[in-house]
Amino acid sequence: MTVYDNIPYLDDSTTYNYLSLRSDEWKKLKYIPLWRYAEFNRQWGIEEFLITLLDKRNTIFDSTGTFFSNNKFYGNQSINFSPIKSFKINPDFIAIYKFCKSHDIRLCAYTAPIYNVNFHRGSQQRMEIYFDSLGVEYRNYMNTFQDSSFFNDNTHLSISGGKYFTDTLLHYTKLLIEHPY
């Protein structure tokens with residue numbers, strides 16, 4: 001369901017302040033122009049730079065190169081997802097599942113909040129059945145909150161939405177720690 005193929009939180013000061021203590025790489029990603037695009041999503045950086053430079057269209061991105069760093073809503077009134085037709089499971093998930101199982105790590109999958117989504121119920125049921133068959137807990141946060149101020153667009157949380165959702169996950173994590181199985 002992800003629209004963009006990148007890490008959208010690089011300009012979020014809360015995230016940056018936390019991650020910059022872990023590695024100097026985050027300083028390069030934040031302060032060297034176009035570095036994060038070359039590293040994470042080549043299609044954005046040069047393309048957006050040239051389009052803006054040539055004044056071909058007004059870009060929706062702000063001076064940081066992304067609209068994820070502010071709290072303005074750029075989404076649609078609603079978003080539709082087609083029913084899932086493929087039974088193919090993402091190989092990355094399978095690798096994570098096998099790793100967790102072999103190391104006795106409790107795995108919990110979730111669907112992140114989406115603003116005003118129309119999601120096919122059959123697809124939701126298929127996910128629930130699949131995770132249940134693996135013994136993986138699944139939590140659906142898709143409709144957890146629907147205030148547009150918590151989103152930058154239909155599928156990406158704003159800074160305030162990210163903080164709210166983080167608190168939601170921290171509360172759930174605390175429950176997991178208190179009641180491990």
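Along the sequence shown, the residues carry numbers beginning at 1.
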Student: For the pair Leu157 and Phe145, evaluate side chain to side chain contact (heavy atoms under 4.5 Å, CB included) and give the outcome as yes or no after the intermediate values.
Tutor: CA-CA 11 Å; Leu157 295 168; Phe145 45 90; 3.8 Å; yes
Student: What is the minimum heavy-atom distance between Ser160 and Ser149, and which atoms define it?
Tutor: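 What the structure gives for the nearest pair is OG-O, 3.2 Å.
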Student: So, taking the atom named SG in Cys100 and the one named CG in Leu107, what distance separates them when rounded to the nearest 0.5 Å?
Tutor: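 Interatomic distance, Cys100 SG to Leu107 CG, rounded to 0.5 Å: 4.5 Å.
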Student: Please examine the side chains of Tyr138 and Asp132, heavy atoms only from C-beta on, and report whether any two atoms are closer than 4.5 Å.
Tutor: no
Student: Would you check if the side chain of Ser123 reaches a backbone N or O of Phe119 as a donor-acceptor pair within less than 3.5 Å?
Tutor: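 Judged by distance alone, no pair lies under 3.5 Å.
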Student: Could you tell me whether the side chain of Phe151 reaches within less than 4.5 Å of the side chain of Pro113, counting heavy atoms only?
Tutor: yes
Student: Do Ile89 and Tyr130 have side-chain heavy atoms sitting under 4.5 Å apart?
Tutor: yes
Student: What I'd like to find out is whether the side chain of Thr144 reaches to under 4.5 Å of the side chain of Tyr110, using heavy atoms alone.
Tutor: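 They are not in contact (no side-chain heavy atoms under 4.5 Å apart), so the answer is no.
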Student: Out of curiosity, Gln125 CD to Ile129 CD1, how far, rounded to the nearest 0.5 Å?
Tutor: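 Taking CD in Gln125 and CD1 in Ile129, the distance rounds to 6.5 Å.
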Student: Please check if the number of heavy atoms outside Phe93 that lie under 6.0 Å from its CZ is greater than 12.
Tutor: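 Enclosed: over 12 neighbouring heavy atoms sit under 6.0 Å from CZ of Phe93.
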Student: Under a 3.5 Å cutoff, is there a donor and acceptor pairing between the side chains of Glu137 and Tyr172?
Tutor: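 A pair is found: one side chain offers a donor N or O, the other an acceptor, under 3.5 Å apart.
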Student: Could you measure the distance from the CG atom of Leu169 to the CZ atom of Phe165? Nearest 0.5 Å is fine.
Tutor: 4.0 Å
Student: With the side chain counted from C-beta on, respond yes when Asn143 and Val117 share a heavy-atom pair under 4.5 Å apart, and no when they do not.
Tutor: yes
Student: State, yes or no, whether a side-chain contact exists between Val136 and Cys108 at a heavy-atom distance under 4.5 Å.
Tutor: no
Student: Starting at NE2 of His171, measure out to OG1 of Thr166 and round the result to the nearest 0.5 Å.
Tutor: 14.5 Å
Student: Return the set of residues passing side-chain contact (heavy atoms from CB on, under 4.5 Å) with Arg126 (not counting sequence neighbours), or none when no residue passes.
Tutor: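 Scan of Arg126 (side-chain contact (heavy atoms from CB on, under 4.5 Å), adjacent residues dropped) gives Ile84, Phe87.
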Student: So, do Thr155 and Tyr115 sit near enough that their side-chain heavy atoms are less than 4.5 Å apart?
Tutor: no
Student: If you round to the nearest 0.5 Å, how far is CG of Asn154 from CD1 of Ile114?
Tutor: 8.5 Å
Student: Hey, could you give me the CD1/OH distance between Ile105 and Tyr97, rounded to the nearest 0.5 Å?
Tutor: 13.0 Å
